[in-house]
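Each remark here refers to the structure printed beneath this line.
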Amino acid sequence: MAVHSPTAPAAGPRAAPAAVRRHHWAGPGMVLPFLLLYLLFMIGPVAYNLVVSLFNTSLVHSGLGPFVGLRNYGEALTSADFWHTLWHTVWFTVLTTVPLVALSLALALMAERVRRWRWLFRTVFFAPYVLPVSAVALVFTYVYADRIGLLQHLLSLVGVTSPGWLSDPRWVLPSVAAATVWWTLGFTFVLYLAALQDIPADVLEAAAIDGAGPVRRLRHVVVPMLGRTTALVTVLQVIASLKVFDQVYLIAGSGGGPAGAARSSVEYVYDSGFTDMRVGYAATVSFLLFLVMLAVSAVWFAVSRRTDQGV
Amino acid sequence: MATATAPVPADRSATGAPAPVRAGRRRPRREPSAERAFTRLCGAVLVVFALLWLLPLAWALATSVRPDGEINTAPTRWFGAHPTLAAYRSVLDAGHIGQWYLNSLITSALTMVITVVVASAAAFALSRVDFRGRRALYWLVLAGAMIPAQVLVVPQFKELNSVHLLNTYWAVILPQLPSAIAVFVFKSFIDGIPGELVDAARADGAGWWTVYARIVMPLTRPAVSAVAVFTFVWSWNNFLWPLLVDTSVSMMTLPVGLATTQDSYGIRYAELMASAVLGGLPLIVLFLFFQRRIVEGIAGTGLK
């Protein structure tokens with residue numbers, strides 16, 4: 001822009017010196033602001049985490065504290081809390097990803113078929129997605145409440161005695177997962193609707209002319225052509241669920257609700273770092289958690305490359 | 001599948017060209033009755049799910065206009081005899097929610113604007129400008145997309161604490177700015193812009209900054225709106241990080257502030273639901289206004 005001197009009258013390859021200089025500095029200059037922020041708030045903290053995970057660093061004392069080598073890792077890997085919270089996190093991931101993918105695919109297929117009012121369904125399903133998590137939590141804490149809650153009431157109308165959705169350790173995590181599905185389904189739904197509109201009609205016509213019925217067209221044409229979307233939606237959801245904290249903390253309550261049955265891995269990091277003030281140990285758990293997510297991403301990368309080659 | 005008996009051109013976008021739709025509507029005569037019944041069934045299932053999705057919102061609304069005393073005696077009734085806005089008055093009188101809105105608005109808007117500028121400039125350079133280390137840099141950024149911010153809260157907290165930025169807007173904004181995903185979306189969009197446009201401008205003597213600001217950015221508008229919408233919504237809904245850095249009530253963002261109402265109102269459900277409605281409704285209204293843009297932003301760019 002105006003930052004640079006007025007453009008030379010004889011532009012083009014002739015104005016070599018000026019162009020070369022711009023050429024050299026413009027690129028790095030444009031990346032610089034991002035890079036600076038990136039180093040300060042991503043790479044820096046990652047490096048700090050790695051270093052600190054080898055020390056017994058505390059939140060309240062300055063400095064790194066005593067060097068403990070890999071002892072933090074040993075402690076994490078043998079800690080019951082670490083494995084419990086990781087298991088809750090994985091279970092939560094299953095409880096959200098499977099319904100989110102399956103349900104939004106089914107709803108999008110139906111909406112595509114019905115056609116009419118598609119925008120209305122899109123609005124209704126997507127609207128919760130823009131709500132702040134605390135509003136969602138307030139509403140669902142009440143919906144799930146014992147005795148006075150809407151859910152127990154509705155189920156009692158059809159003669160079902162329901163458990164304490166948030167007070168029973170077995171049900172607290174599925175309850176939070178269901179609220180999460182309600183909250184975020186619209187996002188996946190919209191992605192599927194868009195992908196469905198991209199399927200060329202002549203492909204379906206060709207399949208129909210070849211005698212494929214609706215079910216076979218669905219199974220062998222439509223669903224495979226949504227493969228990329230499904231892969232993307234799945235990995236986005238898995239990663240979002242693995243780092244869950246907000247709604248579990250808010251709906252189940254801090255500490256993970258009854259018997260800590262809903263404490264997630266990120267909450268374990270939070271508790272170790274900010275309640276126990278053990279920054280070194282929290283960094284260790286963070287890093288282990290990051291490795292789990294990296295493994296998931298790697299699997300996704302491998303799978304999506306294979307499907308890309310397949311199509 | 002839906003096109004089975006009413007072939008319609010595929011690439012009618014969400015904007016909906018009216019002609020093909022009407023053509024589709026004239027045809028259903030040919031549709032076998034079994035298929036039509038199935039379509040009806042799909043419609044019914046969709047309606048059931050849509051009602052199910054509206055139920056919690058309706059329930060919150062209905063509860064928020066009941067007096068607390070009535071809720072205690074008959075908690076699961078939908079409509080009381082004495083609808084009242086007392087709960088809203090009490091929430092608004094507490095005086096914080098307006099401040100929380102303002103805090104959220106300022107932090108989210110700043111995060112959005114800075115992210116769009118910084119990430120698009122970086123993406124443009126990574127996509128079009130030749131310089132040393134470009135590929136390595138791109139890989140570094142991509143790797144960052146896999147690092148969840150949640151595992152970095154402890155070092156980020158220590159960092160901002162050491163420069164005395166806790167309880168400021170910048171504490172909320174800064175760690176959200178380096179968005180690798182934004183760079184990724186911009187880059188894949190800019191990659192698709194014809195190279196001749198850039199080459200022609202370069203041949204006319206335009207500097208890279210001019211090419212970026214005058215030629216590429218105007219063509220990148222869909223990516224800009226996608227990234228802007230995403231960044232705003234994510235930032236608006238960010239919870240864990242503002243929870244850590246905003247400890248004073250007057251600096252809290254809306255989600256953090258709302259979470260504290262659970263403690264202050266206890267079991268006064270009308271107030272709790274009124275808080276939820278006040279916290280959520282404006283966003284829903286905003287969404288209804290910008291629906292097309294938001295949905296196209298999500299569906300249209302890179303993320304498919």
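Below, each value reflects all heavy atoms present in this structure, side chains not excepted, and no hydrogens, waters or symmetry copies.
- Of the atoms belonging to A:Leu242, not a single heavy atom falls under 4.5 Å from chain B.
- Looking at heavy atoms from C-beta onward, B:Val154 lies out of side-chain contact with A:Ser286 at the 4.5 angstrom threshold.
- Within the model, atoms CG of A:Leu138 and CD of B:Glu271 stand 12.0 Å from one another, a figure rounded to the nearest 0.5 Å.
- Of the listed residues (B:Leu272, B:Leu283, B:Leu240), the greatest number of heavy-atom pairs within a distance under 4.5 Å of chain A belongs to B:Leu240.
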query = Taking it one step at a time, do B:Leu55 and A:Leu154 satisfy side-chain contact (heavy atoms from CB on, under 4.5 Å)?
reply = CA-CA 11 Å; B:Leu55 191 67; A:Leu154 289 181; 3.7 Å; yes

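- The structure places CG of B:Leu258 at 10.5 Å from CG of A:Leu131, a figure rounded to the nearest 0.5 Å.
- Each of B:Leu254, B:Leu288, B:Val183, B:Leu126 has some count of heavy-atom pairs under 4.5 Å with chain A, and the biggest count is that of B:Val183.
- Of the atoms belonging to B:Val47, heavy atoms from both backbone and side chain fall under 4.5 Å from chain A.
- When the candidates A:Lys243, A:Gln152, A:Met293 are compared by the number of heavy-atom contacts under 4.5 Å with chain B, A:Lys243 comes out ahead.
- A heavy-atom distance below 4.5 Å is not found between the side chains of B:Thr63 and A:Leu150.
- B:Trp59 and A:Tyr142 have parallel rings, their planes meeting at less than 30° on a 0 to 90° scale where 60° marks the start of perpendicular.
- Taking every heavy atom of both residues into account, B:Ala259 and A:Leu250 meet most closely at CB-CD2, 3.5 Å.
- Looking at A:Val139, both its backbone and its side chain come within 4.5 Å of chain B, counting heavy atoms on both sides.
- To the nearest 0.5 Å, atoms CZ (B:Phe49) and CG (A:Leu185) are separated by 9.0 Å.
- In this structure, chain A has no heavy atom under 4.5 Å from any part of B:Leu41.
- Interface residue B:Leu244: only side-chain heavy atoms are found under 4.5 Å from chain A.
- With a 4.5 Å cut-off on non-hydrogen atoms, A:Leu289 touches chain B through its side chain but not through its backbone.
- Contacts between B:Ser179 and chain A at a heavy-atom distance below 4.5 Å involve the backbone alone (N, CA, C, O).
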ask   = Are B:Leu57 and A:Trp182 close enough, and set up right, to give a side-chain contact (heavy atoms from CB on, under 4.5 Å), and what steps lead you there?
value = CA-CA 11 Å; B:Leu57 293 178; A:Trp182 177 83; 3.8 Å; yes

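- The heavy-atom pair separating A:Pro45 from B:Pro155 by the smallest distance is O-CG, 3.6 Å.
- For the atom pair B:Leu174 CG and A:Leu40 CG, the distance stands at 8.5 Å (nearest 0.5 Å).
- Minimum heavy-atom separation, A:Val31 to B:Ala125: CG2-CB, 3.5 Å.
- Proximity to chain B is limited to the side chain of A:Thr57, based on heavy atoms less than 4.5 angstrom apart.
- Looking at A:Leu120, neither its backbone nor its side chain comes within 4.5 Å of chain B, counting heavy atoms on both sides.
- Of the atoms belonging to A:Tyr249, it is side-chain heavy atoms, and not backbone ones, that fall under 4.5 Å from chain B.
- Side-chain atoms of B:Phe239 and A:Gln247, non-hydrogen and from C-beta on, never get closer than 4.5 Å to each other.
- Closest non-hydrogen pair, A:Tyr38 versus B:Leu140, comes out as OH-O, 2.7 Å.
- In this structure, the separation between CZ on A:Phe34 and CD1 on B:Ile114 is 13.5 Å, given to the nearest 0.5 Å.
- Shown here for A:Pro128 and B:Trp53, the closest heavy-atom pair between the two residues is CG-CD1, 3.9 Å.
- Side-chain contact between A:Val269 and B:Val151 is absent, with no heavy-atom pair separated by less than 4.5 Å.
- If you measure heavy-atom distances from A:Leu35 to chain B, the contacts under 4.5 Å come from the side chain alone.
- In terms of non-hydrogen atom pairs under 4.5 Å with chain B, the most contact-rich of A:Phe125, A:Phe290, A:Trp119, A:Phe140 is A:Phe125.
- When all heavy atoms of A:Pro132 and B:Gly279 are compared, the pair lying nearest together is CG-O, 3.6 Å.
- The side-chain heavy atoms of B:Leu46 and A:Trp117, taken from C-beta on, include no pair separated by under 4.5 Å.
- At least one side-chain heavy atom of B:Leu152 sits less than 4.5 Å from a side-chain heavy atom of A:Met42.
- Partner of B:Pro178 under the side chain to side chain contact (heavy atoms under 4.5 Å, CB included) criterion, chosen from A:Leu39, A:Leu36, A:Leu37: A:Leu37.
- If you take CZ on B:Phe124 and CE on A:Met30, they are separated by 5.0 Å, rounding to the nearest 0.5 Å.
- With a threshold of 4.5 angstrom between heavy atoms, B:Ala60 approaches chain A through side-chain atoms but not through N, CA, C or O.
- Only the side chain of A:Ala145 comes within contact range of chain B, judged by heavy atoms closer than 4.5 Å.
- Contacts between A:Thr141 and chain B at a heavy-atom distance below 4.5 Å involve the side chain alone, from C-beta outward.
- Contact annotation: the side chain of B:Glu159 never approaches that of A:Tyr48 to less than 4.5 Å [non-hydrogen atoms, C-beta and beyond].
- Chosen from B:Val153, B:Val141, B:Val256, the residue pairing most often with chain A at heavy-atom distances under 4.5 Å is B:Val141.
- Only the side chain of B:Tyr269 comes within contact range of chain A, judged by heavy atoms closer than 4.5 Å.
- Between B:Val233 and A:Phe187 there is no side-chain heavy-atom pair separated by less than 4.5 Å.
- With a 4.5 Å cut-off on non-hydrogen atoms, A:Tyr192 does not touch chain B at all.
- For A:Ala283, no part lies under 4.5 angstrom from a heavy atom of chain B.
- Proximity to chain B (any heavy atom under 4.5 Å) is restricted, for A:Phe121, to the side chain, taken from C-beta onward.
- If you measure heavy-atom distances from A:Leu107 to chain B, the contacts under 4.5 Å come from both the backbone and the side chain.
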